[in-house]
Amino acid sequence: MASLDRVKVLVLGDSGVGKSSLVHLLCQNQVLGNPSWTVGCSVDVRVHDYREGTPEEKTYYIELWDVGGSVGSASSVKSTRAVFYNFVNGIILVHDLTNKKSSQNLYPWSLEALSKDSSPTGIIVSNGDYDREQFAENSVPLLLIGTKFDQIPENKRNDVLTRTAFLSEDFNAEEINLVIEKRYFTRDPSQVRV
Amino acid sequence: MPFFVDSVIMFTSQVLFFGFGWLFFMRQLFKDYEVRQYVVQVVFSVTFAFSCTMFELIIFEILGVLNSTSRYFHWKLNLYVILLVLIFVVPFYIGYFVVSNIRLCKNNSPKNGNLMKIDSPSDHPSRVGVIGVTLMALLSGFGAVNCPYTYMSYFLRNVTDSDILALERRLLQTMDMIVSKKKRIAMTRRQMYQRGEEQNKQTGFWGMIKSVTSSPSGSENLSVIQQEVDALEELSRQLFLETVDLQATKERIEYSKTFQGKYFNFLGYFFSIYCVWKIFMATINIVFDRVGKTDPVTRGIEITVNYLGIQFDVKFWSQHISFILVGIIIVTSIRGLLITLTKFFYAISSSKSSNVIVLVLAQIMGMYFVSSVLLMRMSMPLEYRTIVTEVLGELQFNFYHRWFDVIFLVSALSSILFLYLAHKQAPEKHMTL
């Protein structure tokens, strides 16, 4: 059982965007009834059959590390959070489609996670400002997930989708927009590659 | 004509204060959130603007700026507006946002949001005054004790890098244990599902018999592991918080070695003496049932004139010194309050509750400023007190000062006790590593 290969994926984003609900949905196949604040980091595991049905089928444990907090946290909280960012195979960036600030905050979140990465291709962080070249050399795959799509009124949906398309281009990431509570609704689906 | 000019000056300054409050809200408080309800920002800025206007009127009183009748009029107007805001507007919006938050959480049909109670309008200033003075005394008591405690490096626990590394290692080990247990749960559930046992959660007599004969890796095993996981998760949360605490202490130690740090350390000693003196004075006031009749300015001048024999123009100097003293009190209390509010707000707010918390903070800020005005009477010479007495009417000022002293003493002593216990407990926690 424990001899299966493991894949560590970080789930990052602002407070209240729905990371814990997302992780619960992916791992328990159930909607989280009473979401509460995540203190520190909460991990959940999903067993995944990579390339199911093909001869190269392999079963992996996907560990989803859901790190709580916000970009404006004190530096002591940030240094403590940094212990979770080692040996990461992939990052899921979650933002709330009804809250523009949470999308903008994804830039500092990704910088925080990637600059602490212990991979030898060190990312140079200048002054916290975003620079697209930094992400071009990035070898860690990113997935962008937008939540609470159903809470956006019908007429604004196109604007929101265009905005998130730009965002995912900036990160060189794949994108999924979904609704946690009612139904699972995906656009441009893609899986986290191992 | 002079009334019109005075009104224009007052109005301009109010607009300036409003702008400052607006900027503070945007740049400091809400810099990580999106402002969706502009009404919250407006209410906060209005409260801030009218509170600052009251302070401005006191300064004008001392300096003798503007016509005295127009000053009186503006005092009354300002007081009514701010009482209206603090007693009706802010609580109404707090109730409104709390109800709408609850509604979003529970998806219920909207309830009737009429939470306003109609009070008698006669004794509003006194009620706001009592609450405000209590709040002020609590904050002063805690602040007077906490300030030297945080400034002085004598109290800083010694934290080394190896302590932090050891704690981080423990945290990661705990996370690894959680992960391995969850892997077992996930794999067991998957196997159960593949064998079609997932739906067979049997209950009742026959179910118990059946589960005895079926394979042991049933749901009981899972619930045991789940309980272990819950305990480990709680442990990981505690370890995380402890590590954050240690990191913060380490940063403070590094800060105390800098020049700024040394300066604050020195200030800390100074403030601790001030704090002890204030506690002593409060005790004396209560025990001997004494209310100070003269303010520090006049008393200081009396001392210098009578004992040191220095003769100077009392009227001239008393005005300037009290202006400076009152000005310093006002500026430091506004600045201190805004900084504390910001820290508090960052610590407890989330994207859902940010509106409610800002409104609660606006309420506290308004009450704090109103009671500052009440208590500032004691710091001003007699001739400037009259306007405050006139405007606020029949209030028992002596009662407020006594009440302030009592609450201050209680708050300071319990803060000392609390900090002592917290300080003692912390090193023992780390000794068990």
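Throughout, a chain's letter reflects where its sequence line sits, starting with A, and its residues are numbered from 1. Predicted, not measured: the structure shown is a model, and the values here were computed from it.
Proximity of B/M187 to A/Y61: side-chain heavy atoms (C-beta onward) are separated by under 4.5 Å at one or more points. Counting only heavy atoms from C-beta outward, the side chains of A/K78 and B/Q247 never approach each other to under 4.5 Å. Under the 4.5 Å side-chain criterion, counting only non-hydrogen atoms from C-beta, B/E251 is in contact with A/S79.
Proximity to chain A is limited to the side chain of B/L241, based on heavy atoms less than 4.5 angstrom apart. Heavy-atom distances place no part of B/S180 under 4.5 Å from chain A, backbone and side chain included. If you measure heavy-atom distances from B/I185 to chain A, you find no contacts under 4.5 Å at all.
Other residues, nucleotides and ligands contribute over 12 non-hydrogen atoms within 6.0 Å of the OH atom of B/Y255. Within 6.0 Å of CZ on B/F97 lie more than 12 heavy atoms contributed by other residues, nucleotides or ligands.
Taking SG of A/C41 as the reference point, atom CG of B/L172 lies at 9.5 Å (rounded to 0.5 Å). Between the CE atom in B/M175 and the OG atom in A/S42 there is a gap of 7.0 Å [rounded to 0.5 Å]. Rounding to the nearest 0.5 Å gives a distance of 8.5 Å between OG1 of A/T80 and CG of B/L246.
Closest non-hydrogen pair, B/K183 versus A/V45, comes out as CG-CG1, 3.8 Å. The minimum heavy-atom distance linking A/S76 with B/A248 is given by the pair CB-N, 3.5 Å.
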